[in-house]
Amino acid sequence: MVSSLPSLPSVLGTDPSSCILDAFRIAIAKRVSDALPPLTLEQAYTGVDYGKKGVDFTVALPRFRLPGKPDELAKKVITDFQPDDFVSSITHDKQFLHFQLNTSSLISEVLNQIHTLTYDSPTRKPSYGTNTSGAGKKLVIEYSFPNIAKSFHVGHLRSTIIGAFLDNFYKACGWEVISFNYLGDWGIQFGMITTGFEKYGSQEELEKDAIKHLYDVYVKVSKDADSDPNVKIEAAKWFKRMEDGDETALVNWRVWREMSVKKYTEEYERLNVSFNVYTGESEVGKEWQDRALPAQQKSK
């Protein structure tokens with residue numbers, strides 16, 4: 001639907017087609033600039049601020065540094081005022097002019113704009129509330145980062161909600177956003193799980209719910225380790241083989257990682273969250289650690 005409001009002059013940096021309040025601000029600025037020459041429309045627009053004390057917009061007359069007292073300037077703006085599609089009333093309060101918008105027009109135009117930019121946008125994607133202030137800029141956001149073989153819990157949920165909000169916010173502002181999920185997918189605990197899986201593992205349970213089953217295995221083998229020191233020794237041997245790139249030691253870990261990511265992806269879909277990249281500790285090999293260590297020591 002096309003706006004039913006009267007046409008207005010354009011002001012650089014505004015876009016009434018995506019933010020209808022720009023149109024109401026321009027209408028107020030035009031009224032003020034027409035009444036107070038040589039004030040330009042652009043100058044007047046910068047002085048139209050969102051109102052306080054229950055009013056919609058406020059103009060502080062002294063900011064324009066025009067000749068004459070604020071009462072005299074206010075009188076020029078208010079004289080012959082008639083309510084229109086944009087403004088229903090103007091109130092003079094000392095050095096300020098308070099503008100109350102035409103509520104019927106405002107509600108109609110806001111709803112019209114929400115519908116148009118949600119269902120009939122040129123891109124065929126919902127675009128209400130978006131802008132291009134971040135066009136040409138790129139941002140990497142890393143968030144959520146659960147641990148493989150452990151259930152998604154409230155600590156991950158908090159990070160996920162905050163990260164997804166920032167992801168959507170920057171995208172709405174025109175940024176190119178790359179979302180990273182840096183998984184806890186490496187460490188001695190996988191040596192423990194490998195050791196425990198030989199005793200407690202079940203392929204059927206693994207396929208049913210990989211994360212739950214692997215966590216159950218980890219709990220059981222950890223309990224064994226409390227009474228048998230050899231369990232941790234065996235786990236350390238397994239993880240050493242993984243670090244050395246032994247394929248026979250890595251084959252199960254790769255399957256468990258893939259199954260865990262699949263399960264997490266399903267849970268993220270329920271939250272309407274997605275990631276461009278799933279990475280993790282396992283991808284930061286010794287080569288990268290050797291590069292990072294001198295830089296870290298240098299920064300101290």
Side-chain angles (χ1 to χ4, degrees), residues 1 3-118 126-135 161-162 164-166 168-175:
M1 295 174 64
S3 173
S4 60
L5 293 173
S7 61
L8 291 167
S10 61
V11 173
L12 185 65
T14 68
D15 183 10
S17 67
S18 62
C19 178
I20 196 61
L21 285 177
D22 282 357
F24 286 85
R25 290 182 71 187
I26 292 172
I28 293 171
K30 184 177 185 304
R31 184 181 293 275
V32 173
S33 62
D34 287 348
L36 302 176
L39 191 68
T40 67
L41 176 65
E42 289 74 15
Q43 290 171 330
Y45 183 85
T46 62
V48 182
D49 297 320
Y50 289 105
K52 299 177 181 179
K53 300 179 181 179
V55 297
D56 294 319
F57 288 98
T58 294
V59 173
L61 293 169
R63 73 179 296 168
F64 300 130
R65 299 185 179 182
L66 296 170
K69 296 179 180 180
D71 288 350
E72 296 171 349
L73 299 175
K75 186 177 181 180
K76 291 180 180 180
V77 176
I78 294 175
T79 299
D80 299 327
F81 166 75
Q82 293 293 327
D84 58 19
D85 291 330
F86 295 101
V87 180
S88 62
S89 67
I90 306 176
T91 303
H92 176 208
D93 177 19
K94 299 177 182 178
Q95 303 180 58
F96 302 96
L97 287 176
H98 301 303
F99 293 80
Q100 204 71 31
L101 303 184
N102 184 314
T103 303
S104 297
S105 294
L106 178 63
I107 292 173
S108 175
E109 293 298 323
V110 168
L111 293 177
N112 176 20
Q113 192 166 80
I114 291 173
H115 182 276
T116 300
L117 296 180
T118 301
S127 60
Y128 180 75
T130 64
N131 62 73
T132 57
S133 60
I161 291 172
I162 294 173
F165 169 81
L166 292 173
N168 292 332
F169 175 79
Y170 278 97
K171 284 178 180 176
C173 293
W175 288 65

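This is a predicted model, so every value here is computed, not measured.
Between Ser105 and Asp85, the shortest heavy-atom distance links the atoms OG-O, 2.9 Å. Contact between Val11 and Thr14 at its shortest, heavy atoms only, is O-OG1, 2.7 Å. Shown here for Pro38 and Gln43, the closest heavy-atom pair between the two residues is O-OE1, 4.1 Å. Counting all heavy atoms, side chain and backbone alike, Leu101 lies closest to Ser88 at O-OG, 3.2 Å. When all heavy atoms of Ala44 and Ser33 are compared, the closest pair comes out as CB-CB, 4.0 Å. Contact between Val55 and Gln100 at its shortest, heavy atoms only, is CA-OE1, 3.5 Å.
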Q.
Could you go through Leu61 and Phe96, starting from their C-alpha distance and side-chain angles, then the distance that decides it, and tell me whether this counts as side chain to side chain contact (heavy atoms under 4.5 Å, CB included)?
A. CA-CA 6 Å; Leu61 293 169; Phe96 302 96; over 6 Å; no

Q | Worked check of side-chain hydrogen bond (donor to acceptor under 3.5 Å, both in side chains) between Thr116 and Gln113 | A | CA-CA 5 Å; Thr116 300; Gln113 192 166 80; over 6 Å; no

(Q) Show, in sequence, the C-alpha distance, side-chain angles and deciding distance for Phe99 and Val59, and conclude whether the side chain to side chain contact (heavy atoms under 4.5 Å, CB included) test is met. (A) CA-CA 8 Å; Phe99 293 80; Val59 173; 3.7 Å; yes

Q | Verdict with supporting geometry, Phe81 and Arg31, side chain to side chain contact (heavy atoms under 4.5 Å, CB included) | A | CA-CA 9 Å; Phe81 166 75; Arg31 184 181 293 275; 3.1 Å; yes

Q) Passes side chain to side chain contact (heavy atoms under 4.5 Å, CB included), Leu8 versus Phe86? Steps please. A) CA-CA 11 Å; Leu8 291 167; Phe86 295 101; 3.6 Å; yes

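The side chain to side chain donor-acceptor pair (under 3.5 Å) contacts involving residues 65-83 comprise Asp71-His92, where partners must be two or more places apart or lie in separate chains.
Judged by distance alone, the side chain of Asn168 and the main-chain N or O of Ala164 form a donor-acceptor pair under 3.5 Å. Using a distance-only test at 3.5 Å, with no hydrogens or angles considered, no donor-acceptor pair links the side chain of Thr118 to the main chain of His115. Judged by distance alone, with hydrogens and angles left aside, the side-chain atoms of Thr132 form no donor-acceptor pair with the main-chain N or O of Gly174 at under 3.5 Å.
Note that CZ of Phe64 is 9.5 Å distant from CG of Leu73, once rounded to the nearest 0.5 Å. With values rounded to the nearest 0.5 angstrom, Ile161 atom CD1 is found 12.0 Å from Phe165 atom CZ.
For the pair Val77/Leu36, a side-chain contact is recorded, criterion being any heavy-atom separation below 4.5 Å from C-beta on. For the pair Ile78/Leu97, a side-chain contact is recorded, criterion being any heavy-atom separation below 4.5 Å from C-beta on. Taking the side chain as every heavy atom from C-beta outward, Glu109 and Leu5 approach each other to under 4.5 Å.
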Please tabulate, for side-chain N and O atoms in residues 19-30, each donor-acceptor pair with protein atoms closer than 3.5 Å (sequence neighbours left out).
from, atom 1, to, atom 2, distance (Å)
Asp22, OD1, Tyr45, OH, 3.4
Asp22, OD2, Asp15, N, 2.9
Arg25, NE, Val48, O, 3.2
Arg25, NH2, Val48, O, 2.7
Lys30, NZ, Asp34, OD2, 2.9

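Checked against salt bridge (charged side-chain N to carboxylate O under 4.0 Å, His left out), Asp49 has the following partners two or more places apart in sequence or in another chain: Arg63.
Of the N and O atoms on the side chains of Thr91 and Asp93, not one donor lies less than 3.5 Å from an acceptor on the other residue.
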